[in-house]
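Structure record follows, encoded as structure tokens.
As a basis for the values below, the full set of heavy atoms in this structure was taken, side chains included, without hydrogen atoms, waters or symmetry mates. Just so you know, these numbers come straight off a predicted model, no measurement behind them.
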Amino acid sequence: MKPKQKPMLGIDISSTSVKLVELSHSDKGYKVESLAVEPLPANAVVEKNIQDVEAVGETLTKALKRSGSKCKLAALAVAGSAVITKVITMPASLNDSDMEMQIELEADQYIPYPLEEINLDFQVLGETRGNPDTVDVLLAASRSENVELRTAAAELAGLTPRIVDVEAYTIENATNLIDTGYSPPVAKNEDEEEEERQPFVIAVLDVGATMTSLNVLEDGNLIYTREQAFGGKQLTEEIMRRYGLAYEEAGRLKKVGGLPDNYIPEVLEPFKETMAQQVSRFLQFFYTAGQHHSVNMIALAGGCSSIPGIDELIESQLDVKTIIANPFANMELSGKVNAQALSNDAPALMIACGLALRSFS
């Protein structure tokens, strides 16, 4: 009998907040046991790089208290821009320990940093197409400081970090829980006797405060990722300029309302148009990089996906079905989870959710 794994808190340290999710799993499916979103002090994290580890540790301590969780194990993630990934081929005959030794011997061919300055990990993806004697292996490396600052912040909050993942792969995990309601069309092959299923390609745009990431999945597997500086901070700064507000006040009114009547037509609508253009540009990068010229669906995640009507605008401008990502839609909730708060925050909790899922893999 497989021993029951201890749950881990999924902890997403973004540029503006610490997000925390705890899940449990049973025959009925997943259940949200606890969650919290706690704002970070200004400049504690800049473009996903921790600048003030004590401030992040204090914020995480507050988030833990707010969540009511008793869990002490943590799963964290580093941004894709802080990670080098490469798929290499290795002999299929090697066991894990032999493969680890071989990869460490050859890693300097693939990683442009001294090995003593990086954290390195690998995962066997499966047999190489067309060659049963080799396997494809995903190699991931990050500067040690990227990993150590995150684990140090968790330890300051009294947690024990068990896993440090890559954000793109946590989004892959969470995306596979989204109920897309999509049935890919079936196309006939050349002789029109058999029917073959078309792959389902979904583009997940995670638009945060300062960074946007595009993660494209084909039939549930990550095939492309890209990050770029763009986010809701630009809207907050425009509100500051237009109405002479401090940054914190501009951010608060953006969320709760109370801005002048001309805010929606003169500030919010132009930002929505800019966001739609950014989504289009991201997809063009994807199309020019590979075999695909279209996607079946766009899922919007991150704080900016909560802007009213942004999904309809992007769908109409790009002519692609667009949804707001919610990996929790089919989960049970514990008594200490506020259903409305979870619904509001769900698109911004993709990374934290994907990390919490690591408890069961």
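Applying the side-chain contact (heavy atoms from CB on, under 4.5 Å) criterion to S34, with sequence neighbours excluded, gives E22, S67, S69, K336. Applying the side-chain hydrogen bond (donor to acceptor under 3.5 Å, both in side chains) test to E312 and every residue at least two apart in sequence or in another chain returns nothing.
In this structure, I13 and R150 approach most closely via the heavy-atom pair O-NH2, 3.6 Å.
In this structure, N338 CG and L333 CG are separated by 9.0 Å, a value rounded to the nearest 0.5 Å. Atom CD1 of I351 is separated from atom CG of L76 by 11.5 Å, given to the nearest 0.5 angstrom. Here CG of D345 is found 13.0 Å from SG of C353. Values are rounded to the nearest 0.5 Å. Note: N221 CG to E218 CD = 8.0 Å, rounded to the nearest 0.5 Å.
Under the 4.5 Å side-chain heavy-atom criterion for grouping Ile, Leu, Val, Met, Phe, Trp and Tyr, M90 is connected to L115 within one hydrophobic cluster. In the hydrophobic cluster analysis, where Ile, Leu, Val, Met, Phe, Trp and Tyr join through side-chain heavy atoms closer than 4.5 angstrom, M8 is grouped apart from V21.
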Q: Output, in order, the C-alpha distance, side-chain angles, deciding distance and verdict of side chain to side chain donor-acceptor pair (under 3.5 Å) for K31 and S24.
A: CA-CA 5 Å; K31 182 178 181 179; S24 62; 5.8 Å; no

Q) After noting the C-alpha distance and the side-chain angles of I50 and N146, does the key distance pass the side-chain contact (heavy atoms from CB on, under 4.5 Å) rule? A) CA-CA 8 Å; I50 293 177; N146 296 322; over 6 Å; no

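In this structure, a donor-acceptor pair under 3.5 Å is absent between the side chains of D165 and T170. One side chain, Q102 or E106, offers a donor N or O that lies under 3.5 Å from an acceptor on the other. With no hydrogens or angles considered, no side-chain donor-acceptor pair links S15 and K48 at under 3.5 Å. Remark: the S14 side chain and the K19 side chain contain an N/O donor-acceptor pair separated by less than 3.5 Å. No donor-acceptor contact under 3.5 angstrom links the side chains of E38 and T59, judged on distance only. Under 3.5 Å, the side chains of D206 and S213 contain no donor-acceptor pair of N or O atoms.
Residues D311 and E315 have side chains not in contact (no heavy-atom distance under 4.5 Å, counting atoms from C-beta outward). The shortest side-chain heavy-atom distance between F271 and C304 falls under the 4.5 Å cut-off. Proximity of V204 to V216: side-chain heavy atoms (C-beta onward) are nowhere separated by under 4.5 Å. Contact check for D98 versus N95: side-chain heavy atoms found under the 4.5 Å cut-off. By the 4.5 Å heavy-atom criterion applied to side chains, F122 and M99 are counted as neighbours. Taking the side chain as every heavy atom from C-beta outward, L159 and L9 approach each other to under 4.5 Å. With a 4.5 Å cut-off on side-chain heavy atoms, V87 and L139 do not count as touching. In this structure, the side chains of V135 and L125 stay at 4.5 Å or more apart for every pair of heavy atoms.
Cation-pi check for R143 over Y113 is met; the charged atom lies under 6.0 angstrom from the ring centroid and within 45 degrees of its normal.
Between F286 and H292, the gap from one ring centroid to the other is short of 6.0 Å. Taking the ring centroids of F360 and Y30, they lie under the 6.0 Å cut-off.
The one candidate from Q277, E273, K272 that meets the side chain to side chain donor-acceptor pair (under 3.5 Å) condition with Q317 is E273. Applying the side chain to side chain donor-acceptor pair (under 3.5 Å) test between T128 and each of T134, T89, D133 identifies T134 as the sole match.
Surrounding CD of Q109 are more than 12 heavy atoms belonging to other residues, nucleotides or ligands, all under 6.0 Å away. At most 12 heavy atoms of other shown residues, nucleotides or ligands fall within 6.0 angstrom of atom CZ in R66. Around the CZ atom of R242, the shell of radius 6.0 Å holds more than 12 heavy atoms that belong to other residues, nucleotides or ligands. Crowding of D319 atom CG: a count of heavy atoms from other residues, nucleotides or ligands under 6.0 Å not exceeding 12.
Between the side chain of S343 and the main chain of A339, no donor-acceptor pair closer than 3.5 Å is present. In this structure, the side chain of T212 does not engage the main chain of V207 through any donor-acceptor pair within 3.5 Å.
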